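Chain A is the first sequence line, chain B the second, and so forth, proteins listed ahead of strands; every chain is numbered from 1. For clarity, every value in this text was computed on a predicted model and none was experimentally measured.
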Amino acid sequence: MSADFLYIIEVILNGLMAGVMYSLVALGFVLIFKASGIFNYAQGVMALFAALTLVGIQTGQIPFSHLINAIFGTNMHHFGWQVPTIIAILLTVGVMVLFAIIVERYILHHLVNQEPIILFMATIGLAYFMEGFGDIMWGSDIKTLDVGLPSGGSLWLEEYTLGWAAEGENYYGMYLDKLDMVASLVAIVLVVSLTIFSQYTKTGRALRAVADDHQAALSVGISLRTIWVIVWSIAGFVALVAGIMWGAKSGVQFSLSLIALKALPVLMLGGFTSIPGAIIGGLIIGVGEKLFEYSIGPLIGGATENWFAYVLALMFLVFRPQGLFGEKIIERV
Amino acid sequence: MFYRESGDFKKTYQKDNQTFPIKFDRWRYYFVMLVAFIVVPMFLTDYMANAVMTPFLVWAIAALGLNILVGYTGQLSLGTGGFMAVGAYATYKLMTAFPGMDMVSVVLLSGLITAVVGALFGLPSLRIKGFYLAVATLAAQFFLVWLLNKVPWFYNYSASGQISAPQREMFGVIITGPHATPVAGYLFCLVFAVGLAWVARNLTRGRLGRSWMAIRDMDIAAEIIGVNPLAAKLSAFAVSSFFVGIAGSLFFSVYLGAAEVTEAFGISVSFAVLFMVIIGGLGSIFGSFIGAAFMVLMPVLLKNILVGGMGWPTDLAAHFEFIIVGGLILIFLIVEPHGLAQMARVLKEKLRLWPFPH
């Protein structure tokens, strides 16, 4: 095999894994959109907040220390203990559930029956709020997240593929990030368990009922408010997983909240209402983006990854306005 | 007392159809114009003009434009920042390529150029609807900003990638460039804001505006009663982009003076303008102004109170600003989802009946 061909394979594989990372964020969007018709812009910030909380608990940071120091003139930062990763993750899940309850109780509850654009704006307001709140609670410096995930390239794969290229060619083996591979595995587990949850459990069936028709679900005795709390909690959990993966990859910092923007074209492509759509959309976007940057990017100045996903999704939507797997939009007068 | 309608007889159709049919409203409007054009410039300090009044007018124009698209036509757009950037760069290219052209033509031409770009990016709206469209307009945002950043022709091959406005005069008064006085910039923006508000008001009252609203309420039904969706949607995108382009043009030439596209016209600009429209009130001209005023004034106030008044460190104050802006948006949406304009409407109804509400 020629080195160029191998390199293209490498680009595609890397694209697939980047796509999985996008899908992790898109999943949270889909869950909430399906269950409540809310386009939750705050999903990215939720991932940031979850990751910040995890790091904060793990390293024993004192919440609001910056604020307390500014008001009382003290100088406190850490409790001085380290919390084991698994306990910290459980505590963070608890925080995200609490967050879901607060969101339902104080925001969604008051906005029942509003137009979708109003709910969308409310989630943007929520995103602003949480951005500021997270920074005040845990500080805005860049943190490293260490939960014992492997990092760096896979040496084994590099050595294994070294011999694939033809003799005498300049080829050093494939480079794949170990973290990306773990993320792919986690994403697969997450999707399978979410699918099982929504297909085979009572709560899952209730979730799907609410997604189908709010009023009909209410009339057979499903509590909308409980369902919303559950959905936002699950979305919070997905955000935590996404936060861990992205945080371990590039540090826990403000730009983490911008991954929401990366997830939007994935959603468009896959359809807002489909869990498999989020995964497949992510894969298409990931591969398309990397291939475009590799093949055409250098000709037109590079950094095409900022917009290519959107344009690709746009082209796609012109032919299929509801996305790949979205429910067909039927309009009647 | 207020808004008295009795005894005010209209004898011609024209009088019956005027924008402010109630006398009190009309006089209040003349009064506001008087204050804006004569009283404010007399007492305007440089700080007030730079930090509050000029940005308020510029954002109000942008909000007007977006309101035409989102509030009147129902097409959710997140590409405002990109279109403002087109307006700004068009202004820069026109100012440097034709040094003799007067500023009004430059600004209007920039608006027209943006209108063409906007109509182009409005084409997908014929197929794509709702949130799918909102995300699709993000393509315009990111692509335009990338394009203006990557093609050196747009910024005249300057080494820093920045564009800066050269000095231009009107009637002997400098309005752009480093030597311009803030008051001149304020008045220049004010003329555009008032003119464009007048245009928007009358467009939305007329045939075109009604076709937009029909599309907003239900596009299939509108098509059946004879509204051409292609014409209505594209004209909405074009007119909206025209306004937004002018806002971008003024933002760059009068307010900023120098700009770098990724910083000045990023995605946060798109969201900020959308906030103004929603907080002000969807489908309301007055709402666009009041929403812009709110979003411009609040950060200035917060900064003055938290940093100036309480002596907090600036980064902490910045975080609190996020919390307060986010919290206020939530509270506003919960208390009055139809925006400040709706509050004004309720107040007006109350005042009409005022001292005898029953």
Side-chain angles (χ1 to χ4, degrees), chain A residues 33 39 41 66-67 70-71 106-107 109-111 114-122 124-136 140 258 261 264-265 267-268 271-272 300-304 306-315 317-323 326 329 331-333, chain B residues 70 74 76 78 121 123-124 126-147 149-151 218-221 223-224 267 271 274-275 278-279 282 311-313 315-316 318-335 337-338:
Chain A
F33 191 81
F39 189 77
Y41 180 75
H66 197 42
L67 182 65
I71 295 176
Y106 292 103
I107 301 171
H109 182 56
H110 298 283
L111 288 173
Q114 291 293 350
E115 284 171 44
I117 183 175
I118 303 287
L119 292 165
F120 172 57
M121 287 314 288
I124 297 181
L126 184 67
Y128 270 63
F129 184 85
M130 285 185 69
E131 232 172 89
F133 190 74
D135 281 350
I136 284 197
S140 54
L258 298 179
L261 292 174
L264 291 181
L267 281 174
M268 276 202 337
F272 284 154
I300 52 172
T304 55
N306 279 339
W307 56 267
F308 177 74
Y310 287 94
V311 175
L312 180 72
L314 185 63
M315 302 281 178
L317 279 199
V318 170
F319 296 102
R320 209 179 147 78
Q322 71 273 27
I329 307 161
E331 285 181 283
R332 293 191 184 87
V333 178
Chain B
V70 181
L76 194 52
L78 291 172
F121 277 98
L123 278 173
L126 301 169
R127 287 278 289 170
I128 308 170
K129 284 165 192 165
F131 285 120
Y132 286 98
L133 179 66
V135 183
T137 52
L138 276 176
Q141 166 76 42
F142 289 115
F143 180 72
L144 288 172
V145 167
W146 175 85
L147 188 73
N149 202 17
K150 281 288 170 208
V151 182
M218 184 165 218
D219 51 358
I220 293 181
E223 203 175 341
I224 289 169
I267 178 77
F271 279 121
L274 194 60
F275 276 145
I278 295 202
I279 285 186
L282 286 167
W312 284 12
D315 63 327
L316 201 59
H319 297 158
F320 255 94
E321 201 183 303
F322 267 105
I323 291 194
I324 294 173
V325 171
L328 277 178
I329 289 165
L330 287 173
I331 291 169
F332 261 112
L333 289 176
I334 289 168
V335 175
H338 301 290

* Partner chain B: residue of A:Ile118, A:Leu312, A:Val311 with the largest heavy-atom pair count (under 4.5 Å) ->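 It is A:Ile118.
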* Against chain B, work out which of A:Leu267, A:Leu119, A:Leu111 has the most heavy-atom pairs shorter than 4.5 Å and name it. =>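 Winner by heavy-atom pair count: A:Leu111.
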* **Closest-packed option against chain A by number of heavy-atom pairs under 4.5 Å, given B:Leu274, B:Val135, B:Val145, B:Leu333** => B:Val135
* With a 4.5 Å cut-off on heavy-atom pairs, point out which of B:Ile329, B:Ile267, B:Ile128 contacts chain A the most. =>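 Heavy-atom pairs under 4.5 Å are most numerous for B:Ile128.
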* May I ask you to check whether A:Tyr128 and B:Phe271 place their ring centres under 6.0 Å from each other? => no
* **Interface moiety of A:Phe319 toward chain B, non-hydrogen atoms closer than 4.5 Å** =>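 Just the backbone, heavy atoms under 4.5 Å.
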* Can you tell which part of A:Ala313 gets under 4.5 Å to a heavy atom of chain B, answering side chain, backbone, both or neither? => neither
* Does A:Phe308 have any ring pair (Phe, Tyr, Trp, His ring centres under 6.0 Å) partners at least two apart in sequence or in another chain, and if so, which? -> A:Phe292
* Asked: Sequence neighbours excluded, which residues qualify as ring pair (Phe, Tyr, Trp, His ring centres under 6.0 Å) partners of A:Tyr310?
  ->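 So A:Tyr310 forms a ring pair (Phe, Tyr, Trp, His ring centres under 6.0 Å) with B:Phe142.
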* Structure fact -> All heavy atoms of B:Leu330 vs all of A:Gly125, minimum pair found to be CG-C, 4.3 Å
For the [atom1] atom of [X] and the [atom2] atom of [Y], what is their distance to the nearest 0.5 Å?
X	Y	atom1	atom2	answer
B:Ile323	A:Met130	CD1	CE	10.5 Å
A:Tyr106	B:Ile331	OH	CD1	13.0 Å
B:Phe322	A:Glu131	CZ	CD	4.5 Å

At a 4.5 Å cut-off on heavy atoms, which part of [X] comes close to chain A: side chain, backbone, both, or neither?
X	value
B:Leu138	both
B:Phe275	both
B:Val151	neither
B:Ile334	both

* Going by the angle between their ring planes, with limits at 30° and 60°, are A:Trp307 and B:Trp146 parallel, tilted or perpendicular? -> tilted
* **Heavy-atom check, side chain of A:Ile136 versus side chain of B:Phe320, under 4.5 Å** =>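 SC-SC contact between A:Ile136 and B:Phe320 confirmed.
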